[in-house]
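So you know, we letter chains A, B, ... as the sequences are listed, proteins then strands, and number each from 1.
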Number of protein chains: 2
Amino acid sequence: MTKEFQAYIKKVSARIPDEDIPSLFKWAQSRDLKKGEVLLREGEVCREFYLVEKGYLRTWYNKDGDPINLNFTFEGDFTTNLKSLNGRLPSDLTIEAGEDSRMWVFNLDLRREKYESNPEIVLFYRRLAVHVLLASEEHSNLFKLYTPAERYRYIEQNNPRLLQRISLSQIASYLGVTRETLSRIRGKRQ
Amino acid sequence: MTKEFQAYIKKVSARIPDEDIPSLFKWAQSRDLKKGEVLLREGEVCREFYLVEKGYLRTWYNKDGDPINLNFTFEGDFTTNLKSLNGRLPSDLTIEAGEDSRMWVFNLDLRREKYESNPEIVLFYRRLAVHVLLASEEHSNLFKLYTPAERYRYIEQNNPRLLQRISLSQIASYLGVTRETLSRIRGKRQ
DNA sequence: CAAAGATTGTGACTTTTGTCTCAGGTTGGT
DNA sequence: ACCAACCTGAGACAAAAGTCACAATCTTTG
């Protein structure tokens, strides 16, 4: 249990007591992934949260054969498909490793021992759900409120590591434009 | 306590027992609104959920003076600003009545008596939060995955009462296009 | 190190959407 | 019934983004 992991948890819920954090990881499993390996496949029901320890995850939707990137999750952040997890529905999106990565996998089998032994875990999962959804809402607002160029500038200001680590083509899909358009936006530099 | 109210609650959480539903409404207040009256103003901290009994609510964001519609909430549905409520942050959006309306206002003062007397209420609020966020995610996906014309067709199929009750100009703002463009999409009828 | 493959930048052209304008219709209040 | 405010549809033009093609550059791999 490093300081880093504590910081990751605190980012989700600052109110959680330090002494409860080890018990969260007690029920989580570490998992290594090769680039391109899939954590959640389209059609499967999602039952887990993922915390990225190293590398990053790419979440994408298959629109008539073309992938559309919805999210990139980097070190220290959580992701999942909450719609699938909450409603026990088949996932309409895929979560896969963008590079060789290491995860912490938090399984959500809340009926088991962890529930009895530590109600703080249940509370944490609920806060985690809201946290993940609010994060995804931020990306949504990019689309509702900004033009493509404004979206790029926003990412430039607020999430520059995304631009450093993801290829232009992948970012274009994430911003909802073609790669040519993104290339031009970037060229204008204004 | 009518059957209708029970159905509204069950839509959020099918697992809640019938006998707990009256206690939810015990702590809610009924409120009448004139068209245009504001429930949550930009800059205020949101502390409530709203259940629409009659009429509808319009949620909008002020972008450089122009309103952008983010949500319409009709009879039987809940809304709130969860980002503001969850983080005690000033709201960056406004919620107001689109016609003369009647609400049920659920105040979120969880430290009070309701907490002690009925932990089911707290559980319900957490589920409500996820419910509201997942609903807003659906609207977001319209933007991330579809073109303006596809968005309109989607609403036509999945939420036709919106088209019947909201003016073209307001819908255009909701779909992220000008009213002229929406008028053309509608004209093509294809 | 060289060849193959992927990624990016650029230009010409097309399609879509926005902007500006105006005319006709609807609604609500007096 | 009248007026004002708002809403809708349509046309002409401008701006933005997409499509297609190809060259230049970067990466990977044998």
Side-chain angles (χ1 to χ4, degrees), chain A residues 34-37 55-56 58 60-61 63-69 72 96-101 142-156 160-190, chain B residues 33-37 55-56 58 60-69 72 96-101 142-156 160-190:
Chain A
K34 286 279 171 202
K35 175 176 176 173
E37 235 183 297
Y56 72 88
R58 181 169 73 96
W60 55 275
Y61 174 84
K63 187 188 178 184
D64 313 325
D66 303 319
I68 298 183
N69 292 329
F72 295 98
E96 66 174 65
E99 8 174 288
D100 294 357
S101 305
L142 283 181
F143 284 79
K144 294 181 190 169
L145 307 177
Y146 300 142
T147 65
E150 287 172 329
R151 282 173 223 159
Y152 181 75
R153 304 303 168 203
Y154 181 89
I155 298 293
E156 222 172 15
R161 69 174 166 178
L162 200 152
L163 303 185
Q164 289 150 19
R165 292 177 62 177
I166 314 289
S167 78
L168 177 139
S169 307
Q170 297 290 332
I171 294 169
S173 160
Y174 179 72
L175 294 180
V177 295
T178 62
R179 45 191 199 79
E180 290 94 334
T181 300
L182 181 53
S183 176
R184 285 172 193 136
I185 288 170
R186 205 147 69 154
K188 274 190 199 147
R189 181 109 341 263
Q190 166 276 104
Chain B
L33 294 167
K34 287 281 170 199
K35 175 175 177 176
E37 235 181 298
Y56 72 87
R58 180 169 74 95
W60 55 276
Y61 173 85
N62 178 346
K63 187 187 181 187
D64 313 324
D66 303 319
I68 299 183
N69 293 329
F72 295 98
E96 64 174 67
E99 2 174 292
D100 292 358
S101 304
L142 283 179
F143 284 79
K144 295 180 188 169
L145 308 176
Y146 300 142
T147 64
E150 287 172 328
R151 282 173 222 159
Y152 181 75
R153 304 303 167 204
Y154 181 90
I155 297 294
E156 223 172 13
R161 70 175 164 175
L162 200 153
L163 304 185
Q164 290 149 18
R165 292 178 61 179
I166 313 288
S167 77
L168 177 138
S169 309
Q170 297 291 332
I171 294 170
S173 160
Y174 179 72
L175 294 180
V177 295
T178 61
R179 44 197 195 81
E180 289 93 336
T181 299
L182 181 53
S183 178
R184 286 173 195 135
I185 288 170
R186 204 146 72 152
K188 273 189 197 146
R189 181 107 344 262
Q190 168 274 104

Just list the side-chain donor-acceptor pairs under 3.5 Å for residues 172-179 of chain A, sequence neighbours left out, or say none.
| from | atom 1 | to | atom 2 | distance (Å) |
| --- | --- | --- | --- | --- |
| A:Ser173 | OG | A:Asn69 | N | 2.7 |
| A:Thr178 | OG1 | A:Thr181 | N | 3.2 |
| A:Thr178 | OG1 | A:Thr181 | OG1 | 3.0 |

Out of [options], which has the shortest distance to the side chain of [X]?
| X | options | result |
| --- | --- | --- |
| A:Arg186 | D:dT19, C:dC20, C:dG9 | C:dG9 |
| B:Glu180 | C:dT21, C:dG18, D:dA17 | C:dT21 |
| B:Arg184 | C:dG18, C:dT21, D:dG18 | C:dG18 |
| B:Ser169 | C:dT10, D:dT8, C:dG18 | D:dT8 |

Open item on the list: So does B:Ser167 get a backbone contact from the side chain of B:Gln170, meaning a donor-acceptor N/O pair under 3.5 Å?
Closed with: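 It does not hold such a pair.
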Task: Heavy-atom donor-acceptor pair, B:Lys144 side chain to A:Phe143 backbone, under 3.5 Å - done: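 Looks like no, no N/O pair under 3.5 Å.
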Rounding to a whole Å, what distance do you find between [X]:[atom1] and [N]:[atom2]?
| X | N | atom1 | atom2 | answer |
| --- | --- | --- | --- | --- |
| B:Leu168 | D:dA10 | CG | C1' | 13 Å |
| B:Leu163 | D:dT8 | CG | C1' | 15 Å |
| B:Ile171 | D:dT8 | CD1 | P | 8 Å |
| A:Ile166 | C:dA6 | CD1 | P | 19 Å |
| A:Glu150 | D:dA15 | CD | C1' | 15 Å |
| A:Ile185 | D:dA16 | CD1 | C1' | 10 Å |
| B:Tyr152 | C:dT17 | OH | C1' | 17 Å |
| B:Lys35 | D:dA5 | NZ | P | 15 Å |

Open item on the list: Is there a side-chain contact between A:Glu156 and A:Tyr152 in this structure, where contact means two heavy atoms from C-beta onward sitting under 4.5 Å apart?
Closed with: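 Side chain of A:Glu156 against side chain of A:Tyr152, heavy atoms only: contact under 4.5 Å found.
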Open item on the list: Would you say that B:Gln164 contacts B:Arg161 through its side chain, given a criterion of any heavy-atom pair below 4.5 Å between the two side chains?
Closed with: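 Touching, per the 4.5 Å side-chain cut-off.
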Open item on the list: Using a distance-only criterion (donor-acceptor N/O pair, under 3.5 Å, no hydrogens), is the base of C:dT17 paired with the side chain of B:Arg151?
Closed with: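 Such a pair does not exist between side chain and base.
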TODO: Report, as a single string ordered 5' to 3', how protein heavy atoms within less than 4.0 Å touch nucleotides 22-30 of chain C: B base, S sugar-phosphate only, - not at all.
DONE: ---------
Taking only the side-chain nitrogens and oxygens of [X], find out if one of them lies under 4.0 Å from OP1 or OP2 of [N].
| X | N | value |
| --- | --- | --- |
| A:Ser167 | C:dT7 | no |
| B:Ser183 | D:dT8 | no |
| A:Thr178 | D:dG18 | yes |

- [ ] Five pairs at each end of the helix from C:dC1-D:dG30 to C:dT30-D:dA1: take the axis at both ends and give me the angle between them to 10°.
- [x]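 Between the first-five-pair axis and the last-five-pair axis there is 50°.
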If you measure from [atom1] on [X] to [atom2] on [Y], what distance do you get to the nearest 0.5 Å?
| X | Y | atom1 | atom2 | answer |
| --- | --- | --- | --- | --- |
| A:Leu168 | A:Glu180 | CG | CD | 9.5 Å |
| A:Ile171 | A:Ile185 | CD1 | CD1 | 11.5 Å |
| B:Trp60 | B:Glu96 | CH2 | CD | 6.0 Å |
| A:Asp100 | A:Tyr56 | CG | OH | 11.0 Å |

Task: Criterion salt bridge (Lys or Arg N to Asp or Glu O under 4.0 Å) against A:Glu99, the qualifying member of A:Lys35, A:Arg165, A:Arg58, A:Lys34 - done: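 That would be A:Arg165; it is the only one of A:Lys35, A:Arg165, A:Arg58, A:Lys34 passing the salt bridge (Lys or Arg N to Asp or Glu O under 4.0 Å) with A:Glu99.
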